[in-house]
Amino acid sequence: MDIRVRYAPSPTGLQHIGSVRTALFNYLYAKSKGGTFILRQEDTDRTRFKDEYVQNLYDTFRWLGFYWDEGPDVGGSTGPYIQSERFDLYRSYAHKLVDSGHAYYCFCQDKRADDDVASGTEEESDAPAAFGYPRTCRSIDPKDAHARVQAGHSHVIRLKIPTEGVTVVNDQLLGRIEWKNADVNPDPVLLKSDGFPTYHLANVVDDHLMGITHVMRAQEWIPSAPLHLIMYAAFGWEPPVLCHLPMVLGQDGHKLSKRHGSTAVDEFRKKGYLPEALINYVAMLGCSYEDGRDLYSLEDLCRLFDMKHINKAPAVFDYVKLEWFNGQYIRMKNDSELAALVTPFLADAGLVSTTPSASESAIVLSAMALVRERLKYLSDAPEALAFLFAEPAVPPAADMIPKKLDAARTVTCLQACSQLLHTVDVHSHEEAEAAFRSKADELGCKLGDLLMPLRMAVTGTKVSPPLFESIAVLGVNKAFPRIERAIAVLKESV
RNA sequence: GUCCCCUUCGUCUAGAGGUUAGGACACCGGGUUUUCAUCCCGGCAACAGGGGUUCGAUUCUCCUAGGGGAUACCA
């Protein structure tokens, strides 16, 4: 059997970690089995839909680097893949269910509207909320109901959930879950009064029509599984295999959301995470691959993915560990790859042009070795490399003076440094270090105390990439005036 | 309230009816080092509790507790 799975997001928000993980697991499962991964846009909610969310969906997955085999933008044989283009279909299937006696017309008012009215006058209610729809219209004679529909009465179509018996959900991961039908959401709406389908109807109809063989979705969907199974049975269709994935939680143990920090993929992207890191980390949330290994490429994951290794328990999202993965992947980049990644961040910070000149590019490229081991995020790059592109402010004298020295001696040190830089080749780390080391001995101070004032003079900061290499990339000639300015400031403070 | 799911170090996880319960992140030490990082070495730290089954259970089973989720004309 050909495996067909789908990712079916609703364009009512930005793509976030949770949804991307669901998509990734579906993708990995499909690829591990030589199957097909499908994108279906579930835009049945008219009130929350926004075009920008659709755009964000495409952008996000292009950036992540895994994509669907069939979908609105790439086509396929079971389209259209946008539910709003399939509304006629849902309508006719809903009516089929009415005709076959599995569903019925309901003329009750929107429950939410009632609630809104009630909550206006009510202070607070301790009374337990009424459980579900009381099935009022289920007993209306179908002929009468039909007549009322013909007469133009506002209505919805509801599914008849059996009042007795059980529905068994055989979850691939969780195993057998037995539901009393009495506990299933009583008679959910399939077709809204505006004629649009609800999620349940559209989802089941499409999964069937698109030949979906496996449905992998978050565990928050478990309660609707029996409902869907009842619908499949009503249609006389074979249901797909269900697999409910463990949820992703925030540090506080609740469903991951904005208040836990960044959750939108866009935010991670803007902060300078690499897609490889995000994919690697997310793939390991609630799943394992090979014992003792942490770093997996997307190709590795496709090969190694196995439903058997999915955990049942929810997983807490750990930003710190993701950060570690990001550092790992940054370090795997070569100079030109990293330069390409970092350049947009430098441009955003105004350090280089939006389309960098040849000389800017050359500097960026040669600077990569300085920062590769120091970046947690790409967005750390501008601060670390600012001194290469702009004159740093001269630090206050007090900051430049090492603990064991005074201003006068610091001036002496800087003057010595300046002299040495005239003669020593900073491109040779060993030579430069040897020269500075013996100079430090000569002056009776530690190498660190000799170099710190120099570091601050040249880079403007206490923390910088290795000094000689930094000066080499900057160009020694640009270092001299910075040293002079620092000396001037120090002399003033004496 | 009702229904459902879950339970190994702080976090992500590995694991078999008999293991010194393994790894990774974090944390704490130490080393390398011109700052910061990186890197290397070491350490800390877990089978929720209680009944069963069994020669033996953290592993199988039941109960309890705790956590989470769902209870919409949103998905």
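In what follows, every chain begins at residue 1, and chains take the letters A, B, ... in the order their sequences are listed. Since we're looking at a predicted model, the values are computed, not measured.
- For residues 422-434 of chain A, every residue pair satisfying the salt bridge (Lys or Arg N to Asp or Glu O under 4.0 Å) rule, not counting sequence neighbours, is listed here: A:Glu433-A:Arg437.
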Would you mind writing out the side-chain donor-acceptor pairs for residues 303-317 of chain A within the sub-3.5 Å range, not counting sequence neighbours?
{"residue": "A:Arg303", "atom": "NH2", "partner": "A:Asp300", "partner atom": "OD1", "Å": "2.9"}
{"residue": "A:Asp306", "atom": "OD1", "partner": "A:Lys308", "partner atom": "N", "Å": "2.9"}

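- Within residues 217-231 of chain A, the residues having any heavy atom under 4.0 Å from RNA chain B are, by residue number, A:Gln219, A:Glu220, A:Trp221, A:Ile222, A:Pro223.
- The side chain of A:Lys192 places an N or O atom within less than 4.0 Å of a non-bridging phosphate oxygen (OP1 or OP2) of B:rC74.
- Within the structure, salt bridge (Lys or Arg N to Asp or Glu O under 4.0 Å) pairs that include any residue of residues 366-376 of chain A comprise A:Glu323-A:Lys376, A:Asp335-A:Arg372 (at least two apart or interchain).
- Contacts of A:His155 classified as ring pair (Phe, Tyr, Trp, His ring centres under 6.0 Å), with partners at least two apart in sequence or in another chain: A:Tyr105.
- Remark: B:rU2 base-pairs with B:rA70; criterion is Watson-Crick or G-U wobble with both hydrogen-bond distances under 3.5 Å.
- A:Pro465 comes within 4.0 angstrom of a nucleotide base, judged by non-hydrogen atoms across all strands.
- A donor-acceptor contact under 3.5 Å links the side chain of A:Lys321 to the base of B:rA24.
- Between A:Arg372 and B:rU38 there is no side-chain polar atom (N or O) within less than 4.0 angstrom of OP1 or OP2.
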Reading 5' to 3' through nucleotides 39-48 of chain B, protein heavy-atom contacts under 4.0 Å coded B for base, S for sugar-phosphate only, - for none:
S---------
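- The side chain of A:Asp183 sits closest to B:rU2 out of B:rU34, B:rU2, B:rC6.
- The C1' atoms of B:rG31 and B:rA14 are separated by 30 Å, rounded to the nearest whole Å.
- Screening residues 80-94 of chain A for salt bridge (Lys or Arg N to Asp or Glu O under 4.0 Å) gives A:Arg86-A:Asp206, A:Asp88-A:Arg91 as the qualifying pairs, with residues at least two apart or on separate chains.
- Look at A:Asp207 and A:Arg40 and you find a salt bridge, because one of the NZ, NE, NH1 or NH2 atoms lies within 4.0 Å of a carboxylate O, short of that distance.
- Using a 4.0 Å cut-off on heavy atoms, the residues of residues 43-51 of chain A that approach RNA chain B are A:Thr44, A:Asp45, A:Arg48, listed by number.
- Pairing of B:rG42, defined by two Watson-Crick or G-U wobble distances under 3.5 Å, is identified with B:rC28.
- No N or O donor and acceptor, one from the side chain of A:Ser464 and one from the base of B:rC36, sit under 3.5 Å apart.
- Residues of residues 449-463 of chain A that place a heavy atom closer than 4.0 Å to RNA chain B, in numerical order, are A:Leu451, A:Met452, A:Arg455, A:Lys462, A:Val463.
- Judged purely by distance below 3.5 Å, without hydrogens or angles, the side chains of A:Tyr281 and A:Asp318 never pair a donor atom with an acceptor atom.
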Name the atoms and distances for all side-chain donor-acceptor pairs under 3.5 Å in residues 186-195 of chain A, with sequence neighbours left out.
{"residue": "A:Asp187", "atom": "OD1", "partner": "A:Arg135", "partner atom": "NE", "Å": "3.2"}
{"residue": "A:Asp187", "atom": "OD1", "partner": "A:Arg138", "partner atom": "NH1", "Å": "3.0"}
{"residue": "A:Asp187", "atom": "OD1", "partner": "A:Ile161", "partner atom": "N", "Å": "2.9"}
{"residue": "A:Asp187", "atom": "OD2", "partner": "A:Tyr104", "partner atom": "OH", "Å": "2.6"}
{"residue": "A:Asp187", "atom": "OD2", "partner": "A:Arg135", "partner atom": "NE", "Å": "3.3"}
{"residue": "A:Asp187", "atom": "OD2", "partner": "A:Arg138", "partner atom": "NH1", "Å": "3.2"}
{"residue": "A:Lys192", "atom": "NZ", "partner": "A:Thr44", "partner atom": "O", "Å": "3.3"}
{"residue": "A:Asp194", "atom": "OD1", "partner": "A:Phe196", "partner atom": "N", "Å": "2.9"}

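- Side chain to side chain, A:His429 and A:Glu469 meet the donor-acceptor criterion of an N or O pair below 3.5 Å.
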Report each atom pair, protein N/O against N/O of nucleotides 62-68 of chain B, whose distance is under 3.5 angstrom.
{"residue": "B:rG68", "atom": "OP1", "partner": "A:His254", "partner atom": "NE2", "Å": "2.9"}

Any N/O pairs under 3.5 Å between the protein and nucleotides 14-16 of chain B? List them or say none.
{"residue": "B:rA14", "atom": "OP1", "partner": "A:Ser288", "partner atom": "OG", "Å": "2.8"}
{"residue": "B:rA14", "atom": "OP2", "partner": "A:Asn311", "partner atom": "OD1", "Å": "3.3"}
{"residue": "B:rA14", "atom": "O2'", "partner": "A:Asp291", "partner atom": "OD2", "Å": "3.2"}

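- Both distances falling under 3.5 Å, in either a Watson-Crick or a G-U wobble arrangement, occur for no nucleotide opposite B:rU33.
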